[in-house]
There are 2 protein chains.
Amino acid sequence: MPNVFRYPRPMSPDPRQPGAQRPDPQHPDPQHPGALAHLQSLPSWLAGRVAARGRALVAEAIATEGLKLQHYAVLANVADDGPLAQADLVRRLGFDPKDVVLLLNHLEHEGLVVREPDPRDRRKNAVTATPEGRRLLHTCARLADRANEHLLAPLDPAERRTLLALLTRLAQD
Amino acid sequence: MPNVFRYPRPMSPDPRQPGAQRPDPQHPDPQHPGALAHLQSLPSWLAGRVAARGRALVAEAIATEGLKLQHYAVLANVADDGPLAQADLVRRLGFDPKDVVLLLNHLEHEGLVVREPDPRDRRKNAVTATPEGRRLLHTCARLADRANEHLLAPLDPAERRTLLALLTRLAQD
DNA sequence: CCTTTTCATTGGGATGCCCAACGTTTTCCG
DNA sequence: CGGAAAACGTTGGGCATCCCAATGAAAAGG
């Protein structure tokens, strides 16, 4: 179960010498089809590059509020569907239980969530969002929107809708 | 400089209880706009999810040849533009020098590349692809193509071209 | 000719993902 | 009803990836 919060990096666009002819990934030279050009024209590679840039932009934006992407994801889950057990978060997010402990420690320390024993099941902690957490969640949502507008800046509104529709179809399965 | 080879994982599509109503990310309920639904409708999140799945598919496919995505990327760079110095690969791929050493150790051990002192500059190793390496590169390219066809299976040919065009524009900047 | 830069190797560290164990609590089954 | 199994949270260990840097040798620059 891959994790979009840890973001790996794509190769630089084309690290060849300045002025070196850069193959058009859409129309590779059939006489000299490059393995590198082919790799860089794969949808998975292109999506990876866009995703890496998108995550970097969002991560940078919400870092101004002292949060990481993972914190944002935890907070969103808890605010919408809380109270949630830590094991719920582990399942929902696909995170390591240890990492969820660390994330919650930070969120709790910042007063954004509250972790309390579940009165119905003493094995569990019930995690809920505080008003401050909800407030910050709105701020993060706005920051994330702006980062995504930056990401999609080269596209016009119709192209953005098209891209979103196609990605949404591929993202669910 | 983010790296698309290490692939993080998106949240599961929607981990709510079976039967729980799942918000349509394209048309969030304006009465009850969820933070989670909002996060999951961001282009960066959607691209991350598609990218994670794409990379997982490609990684799984080329693993049958004993390679990782990073090996494939190194091999493609070396085959097209070799001989390359290790420092060239570090710059091109954005990898840690230590990781490039490990990757080349494996590729060399498998007879896919040759690492020789550069006669013109004894600081450098000249890395070149062997015929066996080029052969395997073709195999990996075919495997990667099939994995990407699998990734894009829900789209018809016109939609695939549209997606590719939009991603290509976003991927270069 | 000396200083600076580059190269490859390697050290250390942080983070995220994999595995598992432990004690407590709850659920399940005979 | 009681014991076994499962769930929960915490924590340990380990590996891979990304960050930092140091070292000695070689090349470039002033």
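Numbers restart at 1 for each chain; the letters A, B, ... are given by sequence-line order, proteins then strands. Just so you know, these numbers come straight off a predicted model, no measurement behind them.
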Between B:Arg91 and C:dC7, is there a contact of a side-chain N or O with OP1 or OP2 at under 4.0 Å? yes
Roughly, in whole Å, what's the span from CG in A:Leu103 to P in C:dC17? 10 Å
Mind calculating the distance between CG (A:Leu89) and P (C:dG16) to the nearest angstrom? 16 Å
Options D:dT10, D:dT17, C:dT9, nucleotide nearest the side-chain atoms of A:Gln86: D:dT10
For B:Arg146, all residues meeting side-chain hydrogen bond (donor to acceptor under 3.5 Å, both in side chains), sequence neighbours excluded: none
B:Lys68 NZ to C:dC17 C1', in whole Å, measures 14 Å
So, are A:Arg160 and A:Glu149 salt-bridged, with charged N and O less than 4.0 Å apart? no
Passes side chain to side chain donor-acceptor pair (under 3.5 Å), B:Asn77 versus B:Arg92? Steps please. CA-CA 8 Å; B:Asn77 274 268; B:Arg92 283 170 172 247; 2.9 Å; yes
Report yes if a donor N or O on one partner sits less than 3.5 Å from an acceptor N or O on the other, where the partners are the side chain of B:Lys98 and the base of C:dG12; otherwise report no. yes
Whole-Å distance separating the CG atom of A:Leu102 from the P atom of D:dT10: 10 Å
To the nearest angstrom, how far is B:Lys124 atom NZ from C:dT9 atom C1'? 17 Å
I'd like to check the salt bridge (Lys or Arg N to Asp or Glu O under 4.0 Å) partners of A:Arg135; sequence neighbours left out, ordered by chain and number. A:Glu132
Rounding to a whole Å, what distance do you find between B:Leu69:CG and D:dT17:P? 10 Å
Tell me the closest heavy-atom pair linking A:Ser44 and B:Asn148, and the distance in Å. N-OD1, 2.8 Å
Give a yes/no answer on whether the side chain of B:Arg115 brings an N or O atom under 4.0 Å of OP1 or OP2 in C:dC7. no
Let me know the distance between CZ of B:Arg92 and C1' of C:dC7, rounded to the nearest Å. 17 Å
Identify the two heavy atoms, one from A:Leu143 and one from A:Ile62, that lie closest to each other, and give their separation to 0.1 Å. CD1-CA, 4.2 Å
Report, as a single string ordered 5' to 3', how protein heavy atoms within less than 4.0 Å touch nucleotides 21-30 of chain D: B base, S sugar-phosphate only, - not at all. -----BS---
What is the distance, rounded to the nearest whole Å, between atom CZ of A:Phe95 and atom P of C:dC19? 17 Å
Please check the phosphate of D:dT10 (OP1 and OP2 only) for any side-chain N or O of A:Asn125 closer than 4.0 Å. yes
Electrostatic pair B:Arg123-B:Asp121, nearest N-O below 4.0 angstrom: yes
